[in-house]
Amino acid sequence: MNSQLAKIFLEIAEYLAMDNIPFKPAAYEKAARGIESLKKDIEDIYREEGLDGLEKIPGVGKSIAEKIEEYIRTGKIKYYQELKKEYPVSLLELSSVEGLGPKHIKTLYDKLEIKDLADLEKAAREGEIEKLPRFGKKVQENILRGIEFVKAGQGRMLLGSALPLSEKIKQRLEGREEAEKVEVAGSLRRMKETVGDLDILAVSGKPEKLMEYFCSMPEVEAVLAKGETKSSVRLVQGLDADLRIVSAESYGSALQYFTGSKDHGIKLRRIAQEKGLKLNEYGIFKGEKQIAGQSEEEVYETLGLKYINPEIREDAGEIEASRNNKLPKLVNYDEIKGDLQMHSTWSDGSASIREMAQAAKKIGYEYIAITDHIGKLKIAGALDEQEVLGQWNEIDKLNKELDGIKIFKGAEADLDEKGRPEFSEEFLSKFDLVLGSIHSKFRMAKDDMTQRLINALENPLINIIAHPTGRIIGRREAISLDIEKVIEAAKENKKILEINCYPDRLDLKDQHIRIAVEKGVRLSLGTDSHSPDQLPYLKFGLAQARRGWAERKDIVNCLNLGELKKVLTN
Ligand code: DGT
Ligand code: CA
Ligand code: CA
Ligand code: ZN
C-alpha cells in the first residue's frame, strides 16, 4: 500500500504542476517521499494510531493525512480522480522521459491529445511535435532519444527498491516452519544496479504448503504459474518473482546456477566438462553419480576454483583470477568508516546537521562530510558566502559538542562549462573537502565535456568529482565522456572519483569503477543523503564498488579519520 500511495501523491504533484499551482506540488512530493521511506505498512499505522499517526509521517499534514485515510477506507481518493478526469494522461509514464516537464505534458495533451508514451512516440516520429510553439526540432529529437532510453529500462527495478522488497519476502518465507532454507539468487544476489525479476530458492520438507503460501502472500498481485517445484507471481510493486523448491542435496548447485550470470555459469559448465564431469542445477556428476552440489563452496572447490563472490560473477575475468588464486579481496561493509556526501537543511536536505551526524554515529561511523550545495543553484537551495560562514560556525560547535563523530566542512560546487567551480577561491580553499559536480549543460560535445572534467581535476581546490557521469538510471543518459581520459587525469592529479550511492545514480558505475581500480585511482562513497533514513544507501554504492573489484585500499572511506585528513590536505 505504501508504494501505491506514494505513486498517487507523486502523480497529484505532477497534475498540480501542470496547472502551475505554486507550492502544493512540492508538498505532495514531500509526502510521497515520507511514505516511501516508512518501514511500517501505512495501514498498520492508521489502524493503531488513526489520523494522528498519519500526521506524524514526515511531510504529511492534515489534508494529506485525510486523503490517506480516504484511500485506506475506500480504496480511492476523490481529489485524485477529479484531476485524472480533467487530464486523462499517464503522467508518470510521460514524465519519465528526460526533459518532459508537467507544462510540456499539458501542451502535448491540449494540442495533440497525447496521453501516453505510445502517443508521444507516434507524434514525434510523424514530426507533429516540432510544429508546436516552444518545442522545435531539437526538442523533438531529444524526446525520441528519451523514449528509447525509457523503453530500454522498462520492466526493471532499481536495486534500491528491489533489495528491501526481496528481504521482506525472504523474511516472510523464512518465517514459515515448512521452509528450511531460503535465498534470493539471480541479478539481485549479484547486486546489479537494476533487477529484472526475483529468483528465489528454497528447501522445504513440505513443498506444496510453501508454494501455497508463496502464491498467497500479500504482495502477490497475480499468480502467473503454479507448480509443484516452481511458481511465478507478479508482485504489486510491478516485479515478477519465481520460487523454486529444490532438494537439500542440490541446493548449492541450484544457488550457483540461478545466481548466474548466465555467462559465468556457462563457463563453469565447460570447466566441468574438461574435467570429465557434468555440472547442472542439480549438482556435479561423475557419470550417474552426484559428487558435489550441496553447497556453493563445494561446487567451486570441485571445479578446482577458489570461491567467487556473487557480485563479480559476470565472466569478466573472475574465473581465470580464481583459478590462478588472484581474486581481489573485495571491500567489505564493515570496513567503511564514514560517508562523504550528504545534505542538510542548510541547502536542500530535510534534516539538521546535528540529526545527520547523530544518525551517522549510530551506524558506527567515525566521520561524515556535510556537502551542501554552494553557489547559484537556486532550486537546490545553494549557500552563498554569508551562509557558509554561518554553517561553519554551526559545524565547529557540533564538533566540540559531539563525541565520537567528526563532521567535515564539505561543499558541493557546481562546475561551469569550463569545469570551474562557481564560488570564491578564498572560500573554497577553507573547506575540508570540495566536491565538484556537473548539474547543468549536460549535452556538451564529448571532447569539451571530457576537458571540462579534466580542468576540474587539475584544480587544486577540488578534492572529489561527484557523480562523474551524471546519469540517472532509467531517466537521464550519462554525459558523453571519454571516461578513460578522465580516470587518467584523476590519477595524474591524485584526485578522488565518487561512487554516488543514491539508488538511481550509482555513478561511477561498476565497469567504470573497475577501470579506476585497475589504474589505481582512489574512490569515495557518498550517499548524497537528504535525510538520515537515506544513509543506508551506502550499501548500494558499496555493492557497485565490489562489482568493480574494489578492495579496501581503493576506497577512501576505509581510511580512519587521521589518514583521511592527510589525503584531503595533500
Ligand atoms: P535479470 O533477472 O534480468 O535481472 O537477470 P538474472 O541474471 O537474474 O537472469 P534471470 O532471472 O533470467 O535468470 C536467473 C539466472 O538463471 C541467471 O542469472 C543464470 C540462470 N540462467 C537462466 N537462463 C539460463 C541459461 O539459459 N543457461 C544458463 N547456464 N543459466 C541460465
Ligand atoms: Ca532475475
Ligand atoms: Ca528469473
Ligand atoms: Zn549533486
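What you are looking at is a predicted structure, and each value in this text was computed from that prediction instead of being measured. Atoms considered below: every heavy atom in the structure, side chains included; atoms not considered: hydrogens, waters and symmetry mates. Ligands are counted one by one from 1 in listed order, and the atoms in each one are counted from 1 as well.
Taking 4.0 Å as the cut-off between side-chain N and carboxylate O, Arg244 and Glu281 do not count as a salt-bridged pair.
Panel note: side chain Thr450, backbone Asp482; a donor-acceptor pair is recorded below 3.5 Å. A donor-acceptor pair is defined here as one N or O able to donate and one able to accept, closer than 3.5 Å; such a pair exists between the side chain of Lys495 and the backbone of Leu457. Within the 3.5 Å criterion, the main-chain N or O of Ile472 finds no donor-acceptor partner in the side chain of Asp504. Not a single donor-acceptor pair under 3.5 Å links the side chain of Glu29 to the backbone N or O of Glu14. Using a distance-only test at 3.5 Å, with no hydrogens or angles considered, a donor-acceptor pair links the side chain of Glu298 to the main chain of Gly293. For Arg476 (side chain) and Gly470 (main-chain N/O), a donor-acceptor pair under 3.5 Å exists by modelled atom type. Looking at Thr527, its side chain never comes within 3.5 Å of a backbone N or O of Leu538 through a donor-acceptor pair. A donor-acceptor pair under 3.5 Å links the side-chain atoms of Arg471 to the main chain of Leu506, judged by distance alone.
Counting just the N/O/S atoms of Asp199, the one with the shortest distance to the Ca ion (ligand 2) is named OD2. Note on Asp197: its N/O/S atom closest to the Ca ion (ligand 2) is OD1.
Near Gly260, meaning under 4.0 Å from one of its heavy atoms, ligand 1 places the atoms 17 (C), 18 (O), 19 (C). Atoms of ligand 1 lying under 4.0 Å from at least one heavy atom of Phe258, given by number and element, are 14 (C), 15 (C), 16 (O). Annotation for ligand 1: atoms under 4.0 Å from non-hydrogen atoms of Gly186 are 8 (O). Atoms of ligand 1 lying under 4.0 Å from any heavy atom of Val195, numbered from 1 in the order shown and given with element: 4 (O). The contact set between ligand 1 and Thr259, taken as ligand atoms under 4.0 Å from a residue heavy atom, comprises 18 (O).
Contact between His264 and ligand 1 is absent, with no heavy atom of the residue lying under 4.0 Å from the ligand. Heavy-atom separations between Leu198 and ligand 1 are all 4.0 Å or longer. Residue Lys192 places every heavy atom at 4.0 Å or more from ligand 1.
Taking a 6.0 Å sphere around CD of Glu148, one finds it holds more than 12 heavy atoms contributed by other residues, nucleotides or ligands.
With distances taken over non-hydrogen atoms, the option nearest atom 3 (O) of ligand 1 out of Arg156, Gln256, Arg190 is Arg156.
Among the atoms of Asp242, none of the N, O or S atoms falls under 3.0 Å from the Ca ion (ligand 2).
For the Zn ion (ligand 4), protein N, O or S atoms closer than 2.8 Å were enumerated as Glu412 OE2, His439 NE2, His467 NE2, with waters left out.
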